[in-house]
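Step one of this worksheet: look at the structure below.
Hydrogens, waters and symmetry mates are skipped; everything else that's a heavy atom, side chains included, is used. Lettering of chains follows the sequences in order, A, B, ..., and the numbering in each one begins at 1.
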Amino acid sequence: MRVVMPIIILVIWLLMAVLGPWLPLHPEHIALEHILAGPSVHQWLGYDDLGRSICSRLVIGASTSFQVALWVVLVSASFGSFIGAISGFVGGIVDLVVVRIIDIFLAFPGILLAIALSGIMGPGIGNVVVALSIVGWVGYARLARAQVLSLKHREHVVAAVSLGTRPITIVWRHLLPLIAAPLIVEASFGIAGVVIAEASLSFLGLGVQPPAASWGNMIRDGARYMLVAPHLVLAPGLALMLVVLSVNLLGDRLRDRLDVRARLHD
Amino acid sequence: MTLVIITSAWLSIRTRIGDLTLLARVGALSRTIISSLLFPLLLCSLLSTAQAADAPSVLRFGLASAPITLDPRYATDATSQRIDRLLYRRLVDFDATSRAVPSLAHWTALAPTHYRFVLGQHGRRFADNSWLTASDVKATYESVLNPVNASPHRGSLEMIRRIKVIDANTVDFYLDRPDPLFPAYLVIGILPAKAIAANRAFSDRPLGSGSFQLVSWPTQSKLVLQRRRDGQRFEFLYVSDATVRVLKLLRGEIDMLQNDLPKELVRYLSTREHVRLQRGVGSNFTYIGFNLRDTALSDVRVRQAIAYAINRPAIVKYVLGGETRLAGALLPPGHWAADAQLRGYAYDPQRARQLLRQAGYSQRRPLRLTYKTSSDPFRIRIATIIQQQLADVGIEVRLRSFDWATFYGDIKAGRFQLYSLSWVGIKSPDIFRYAFYSSSVPPKGANRGHYASAEADHLIDAAENSDDLTQRAALYRQLQVLLLKTVPYVPLWYEENFFACRSDVVGYRIAEDGNFDGLNTVRRVSDSSKRS
């Protein structure tokens with residue numbers, strides 16, 4: 001049960017995200033006569049402040065949040081792991097500089113930096129991905145570096161070094177496979193963080209621009225009518241909560257599975 | 001009663017302090033210090049409870065935007081101007097048809113370029129008890145006209161050549177050119193000459209002869225005024241979020257609010273207990289402006305097509321309040337120079353498509369435009385609806401919303417294709433020269449779309465040079481018909497006004513232009529009188 005429910009929710013999220021753009025939906029169609037109409041048989045989730053179908057917007061919003069999550073995690077995980085692994089393996093002055101940079105980024109509140117960056121670059125989905133990636137790579141870099149430090153004195157690495165293999169090849173072939181598990185766990189938690197961060201930025205008006213739909217800006221628009229039409233906020237709010245909760249639950253399970261030390265104690 | 005309890009509590013504290021051996025050893029000195037610290041504290045709390053009992057007599061007014069300056073020479077935003085009306089008095093005011101009527105002074109035109117104003121007895125005592133005289137009038141207007149002061153109202157008063165004080169109650173204005181509407185321009189609150197000479201900072205230390213006076217302005221979001229007639233205090237609280245404003249009204253944290261709520265929240269308020277709602281027609285004109293220097297928009301058929309494509313009745317019905325009126329011209333029906341027959345363009349998408357085809361646009365070559373609006377959620381909502389309605393006839397509109405300063409700056413600088421704005425508080429038809437005369441392009445005037453029509457210029461000149469008010473009104477009506485035909489603006493509507501207050505607040509009257517003059521009569525009925 002602890003695995004099945006989250007998987008079902010995530011599969012629905014994935015299906016909505018992948019199929020959403022191909023479905024015959026009208027997320028931007030305005031029907032003034034339906035403004036703020038509540039849920040009904042024809043429209044399960046009702047209509048928003050411009051008479052647009054909340055159901056359609058929820059599906060398109062799922063696609064937005066999935067795209068952003070996918071890209072941000074891909075970019076920041078690959079970039080961060082690479083930097084961290086190289087820095088840990090090479091050591092010396094390179095490592096020192098990288099660690100200082102990581103410290104500076106960690107000392108800065110992540111979402112605040114993202115807000116500042118999207119403020120400077122201007123709103124838009126592409127810029128949200130860039131801003132969140134700039135904030136997000138640090139965690140992967142630190143993790144990868146710590147793992148590499150603990151692995152680089154293993155015999156197979158020493159052997160590779162003495163055979164004259166290039167550092168990049170060593171990192172790629174002899175270290176990355178060993179540190180992949182914790183990075184995957186970190187990435188799974190990262191998805192939840194990015195979904196929330198994208199919604200926050202859109203809520204603040206810095207993310208996806210209207211009339212395009214995102215859960216964050218749906219909540220923002222709906223908050224103004226919370227007194228008269230709570231369904232505007234409830235639908236995207238619940239969707240956001242369920243997705244983040246499912247990702248976190250699955251991430252937990254994944255960690256239990258992949259963490260050898262935890263299994264040894266069982 | 002409270003005093004007794006507090007005194008006994010005080011005594012028990014003292015005895016207990018006395019019992020503590022440690023403190024006793026420190027000696028009498030510390031006890032004196034403690035008692036000298038505690039006693040004023042207790043007194044303060046006592047006084048504040050006494051004040052709290054009186055507190056409901058303060059009336060709190062929720063504002064959607066904070067006032068910027070309390071100096072009428074510089075105020076241009078609606079909130080500041082509305083509050084300045086309470087703090088200062090003007091020479092003239094307006095009746096229901098927007099004709100100038102005497103306020104501080106009545107006037108006679110001694111010659112077409114020579115007006116004599118005689119101050120009445122009413123409303124002449126400044127808040128500092130000095131008496132308003134003709135030299136204060138002269139000093140106020142000279143200060144507005146002085147280019148060094150860079151008052152934004154200078155432009156509309158430039159025809160004043162000389163101001164001469166005859167005696168303490170009489171002042172003469174000499175003009176460069178005749179203008180029978182001249183008295184209607186004298187709407188700036190009168191400041192005391194002495195304070196002007198002393199360079200008083202009126203923007204946050206106002207001093208006028210209005211029915212209210214300033215008590216304090218501790219933060220940008222809280223302004224405290226006092227009604228001079230009866231000492232009633234008013235707090236103007238700035239609450240930017242509409243939902244929060246409604247919640248504060250329901251909880252009694254504010255006693256009243258006016259306008260700037262979505263229709264749905266107004267309807268919600270009307271169903272609540274302890275809240276009373278008033279609605280009334282408004283006179284503030286909302287429109288879509290065009291940039292006529294743009295190649296596409298210089299074609300009158302394109303502008304007409306846009307006007308035909310907007311379904312105003314639907315927007316009014318579903319999004320704006322019930323008292324909102326469709327607009328056909330800048331001056332609202334009821335104004336002495338208005339044409340009450342003008343209703344603007346009817347919704348006709350067929351006609352719009354046809355006009356666009358004639359102008360050379362088709363599905364393969366669609367018309368693409370950028371529409372700028374402020375970042376106010378309500379304006380964005382309306383702009384989004386208009387965007388879709390224009391898309392239905394084949395016009396692709398990109399929506400751009402900016403914070404107010406950027407938006408207004410862009411509009412004034414002519415950086416736009418389409419934009420929407422409102423004219424607030426328009427009384428005098430000199431607005432036509434300001435907004436449509438070919439030479440009134442910014443910074444000289446507000447012809448922001450560079451509308452240039454010889455016929456319109458001629459009508460404006462003719463109307464301003466005519467001595468007869470009926471003929472003048474007729475010329476302005478012709479002008480408004482012409483403006484509707486050539487569409488430098490798409491007239492949209494005059495938004496309704498509404499006022500919501502706690503049920504124990506009575507006596508407010510809504511003004512058509514949304515000013516706060518109703519605060520002169522508003523009062524709180526006490527619980528006892530409500531029961532009776």
Check the pair A/L32 / B/Q389 against side-chain contact (heavy atoms from CB on, under 4.5 Å), numbers first and verdict last. CA-CA 11 Å; A/L32 295 178; B/Q389 292 179 346; 4.2 Å; yes
Decide yes or no on side-chain contact (heavy atoms from CB on, under 4.5 Å) for B/Q388 and A/H29, but give the supporting numbers first. CA-CA 8 Å; B/Q388 151 135 350; A/H29 178 76; 3.7 Å; yes
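Other residues, nucleotides and ligands contribute only 12 or fewer heavy atoms inside 6.0 Å of the CZ atom of A/R142. Taking a 6.0 Å sphere around CZ of A/F82, one finds it holds 12 or fewer heavy atoms contributed by other residues, nucleotides or ligands. No more than 12 heavy atoms of other residues, nucleotides or ligands lie within 6.0 Å of CE in A/M226, so this atom counts as exposed by the packing criterion. Other residues, nucleotides and ligands contribute over 12 non-hydrogen atoms within 6.0 Å of the CH2 atom of B/W404.
Annotation: side chain of B/R267 is not in contact with side chain of A/V228 (no heavy-atom distance under 4.5 Å). For the pair A/R224 and B/L261, the minimum side-chain heavy-atom distance is 4.5 Å or more. Between A/I35 and B/R381 there is a side-chain heavy-atom pair separated by less than 4.5 Å.
Within the 4.5 angstrom heavy-atom criterion, atoms from both the backbone and the side chain of A/I30 approach chain B. Using a 4.5 Å cut-off between heavy atoms, A/A229 does not touch chain B at all. Both the backbone and the side chain of A/E33 come within contact range of chain B, with heavy atoms under 4.5 Å apart. Heavy-atom distances place no part of B/V244 under 4.5 Å from chain A, backbone and side chain included.
Taking CZ from B/F378 and CG from A/D49, the interatomic distance works out to 11.0 Å, rounded to the nearest 0.5 Å. Rounding to the nearest 0.5 angstrom, the gap separating the CG atom in B/L265 from the OH atom in A/Y225 is 7.5 Å.
At a heavy-atom separation below 4.5 angstrom, chain A is approached by B/A314, B/I315 within residues 304-317 of chain B.
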